[in-house]
Amino acid sequence: MQKLPPLILATRNAHKTEEIRHLLGHCFEVMDVTSFPDLPEIEETGTTFLENARLKALGISSRIDGWVLADDSGLEVDALDGEPGVYSSSYGGEEGNHTLNNQRLLKEMAGKENRSARFRCTLVLAKSGEEKGVFRGTVDGNIADNASGTGGFGYDPLFIPAGHDSSLADLGAEIKSTLSHRANAIRTFTEAVESGKII
Ligand code: ITT
């Protein structure tokens with residue numbers, strides 16, 4: 001592949017950065033917005049993953065030079081009519097508090113027989129405030145009865161991917177990087193880059 005320019009992730013979530021760097025580090029220098037302390041916080045006022053990913057991608061790329069990739073992601077649980085969905089990061093009442101989020105999820109799922117769920121990831125690529133591409137990925141699975149494992153972040157201790165018996169947090173970073181919603185979305189992004197359609 002040709003030498004590619006740096007990629008700036010429109011995220012303050014260090015776990016996302018670490019996972020995407022692991023997936024893309026061989027072809028891009030991957031940074032995130034924590035390297036640009038003057039950038040404002042982008043408010044996620046959208047009601048879909050795509051709307052929020054666009055707000056982040058366009059909001060950041062209109063303020064800095066270079067290629068910007070935003071990730072909006074979350075967990076949809078069938079027995080909860082798709083909740084927590086776009087509100088995954090604040091489901092427990094406090095933005096980014098994964099312990100409270102998992103506690104609330106377990107409470108809402110108490111006694112529910114249908115445990116099916118999926119993670120979704122929507123990526124928006126942008127440059128100079130213009131959208132250059134949208135890439136999506138999902139992973140199906142089930143919500144566990146109890147939290148287990150220390151790997152990953154967020155709802156990983158409660159999410160058992162289809163075809164496995166352990167949570168994503170138990171399975172660890174290497175396996176997560178082969179099957180996660182983020183890995184699947186990044187794969188479609190990489191295919192577009194390799195085919196010369198973008199960047
Ligand atoms: P940025 O907006 O700065 O990127 P964020 O964590 O707030 O960071 P989102 O608004 O996209 O990102 O919310 C994503 C939430 O969905 C995240 O906080 C977790 O609760 C959940 N989530 C997303 N991907 C996940 C994953 O791979 N494993 C576990 N939980 C995940």
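Quick note: numbers below take in every heavy atom, side chains included, and nothing from hydrogens, waters or symmetry partners. Atoms within a ligand are numbered from 1 in the order they appear, just like the ligands themselves. Treat the numbers as computed from the prediction; the structure is a model and nothing was measured.
- Among all protein heavy atoms, the one lying closest to atom 30 (N) of ligand 1 is Tyr155 N, 3.2 Å.
- Ring geometry for Phe135 versus Phe189: interplanar angle over 60°, hence perpendicular rather than tilted (30 to 60°).
- Looking at Ser73 and Arg182, their side chains do bring a donor and an acceptor atom within 3.5 Å of each other.
- Listed by number with element, the atoms of ligand 1 under 4.0 angstrom from any heavy atom of Asp71 are 4 (O), 11 (O).
- Nearest-residue assignment for atom 11 (O) of ligand 1 (options His15, Lys16, His181, Glu44; heavy-atom criterion): Lys16.
- Among protein heavy atoms, the minimum distance from atom 18 (O) of ligand 1 is reached at Ser89 CB, 3.2 Å.
- The closest side-chain donor-acceptor pair between Asp78 and Ser116 falls under 3.5 angstrom.
- Relative to atom 25 (C) of ligand 1, the option among Phe153, Tyr87, Phe159 with the closest non-hydrogen atom is Phe153.
- Distance from atom 28 (N) of ligand 1 to its nearest protein heavy atom, with residue and atom name: Asp156 OD1, 2.7 Å.
- Annotation: atom 7 (O) of ligand 1 to nearest protein heavy atom, Glu95 OE2, 3.6 Å.
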With side chain to side chain donor-acceptor pair (under 3.5 Å) as the test, would you mind laying out the steps for Thr34 and Asp32 before giving the verdict? CA-CA 6 Å; Thr34 57; Asp32 67 24; 2.3 Å; yes
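- Within 6.0 Å of the CD atom in Glu18, the count of heavy atoms belonging to other residues, nucleotides or ligands does not exceed 12.
- At least one side-chain heavy atom of Pro84 sits less than 4.5 Å from a side-chain heavy atom of Val77.
- Evaluated by nearest non-hydrogen atom to atom 1 (P) of ligand 1, the leading choice among Asp72, Leu105, Thr11, Leu75 is Thr11.
- Judged purely by distance below 3.5 Å, without hydrogens or angles, the side chains of Thr11 and Asp71 never pair a donor atom with an acceptor atom.
- Taking all atoms of both residues into account, the shortest heavy-atom contact from Ser177 to Ala183 is O-CB, 3.3 Å.
- A salt bridge links Arg12 with Glu41: the closest approach of a Lys/Arg side-chain nitrogen to an acidic carboxylate oxygen falls below 4.0 angstrom.
- Across the listed options Ser73, Gly152, Ala53, Ala10, Ser73 owns the non-hydrogen atom lying nearest to atom 13 (O) of ligand 1.
- In the vicinity of Phe119, heavy-atom distances shorter than 4.0 Å reach the ligand 1 atoms 25 (C), 28 (N), 29 (C), 30 (N), 31 (C).
- Looking only at heavy atoms of the protein, atom 8 (O) of ligand 1 is closest to Asn13 CB, 3.5 Å.
- Near His98, with a cut-off below 4.0 Å to any heavy atom, the atoms of ligand 1 are 18 (O).
- Atom CG of Asn114 sits in a crowded spot, with more than 12 heavy atoms from other residues, nucleotides or ligands closer than 6.0 Å.
- Of the N or O atoms in Lys176, one or more lie within a sub-3.5 Å distance of an N or O in ligand 1.
- Per-residue contacts place Arg12 under 4.0 angstrom from the following atoms of ligand 1 (heavy atoms of the residue considered): 3 (O).
- Which parts of ligand 1 touch Gly154 is read off a 4.0 Å heavy-atom cut-off, strictly below it: atoms 29 (C), 30 (N).
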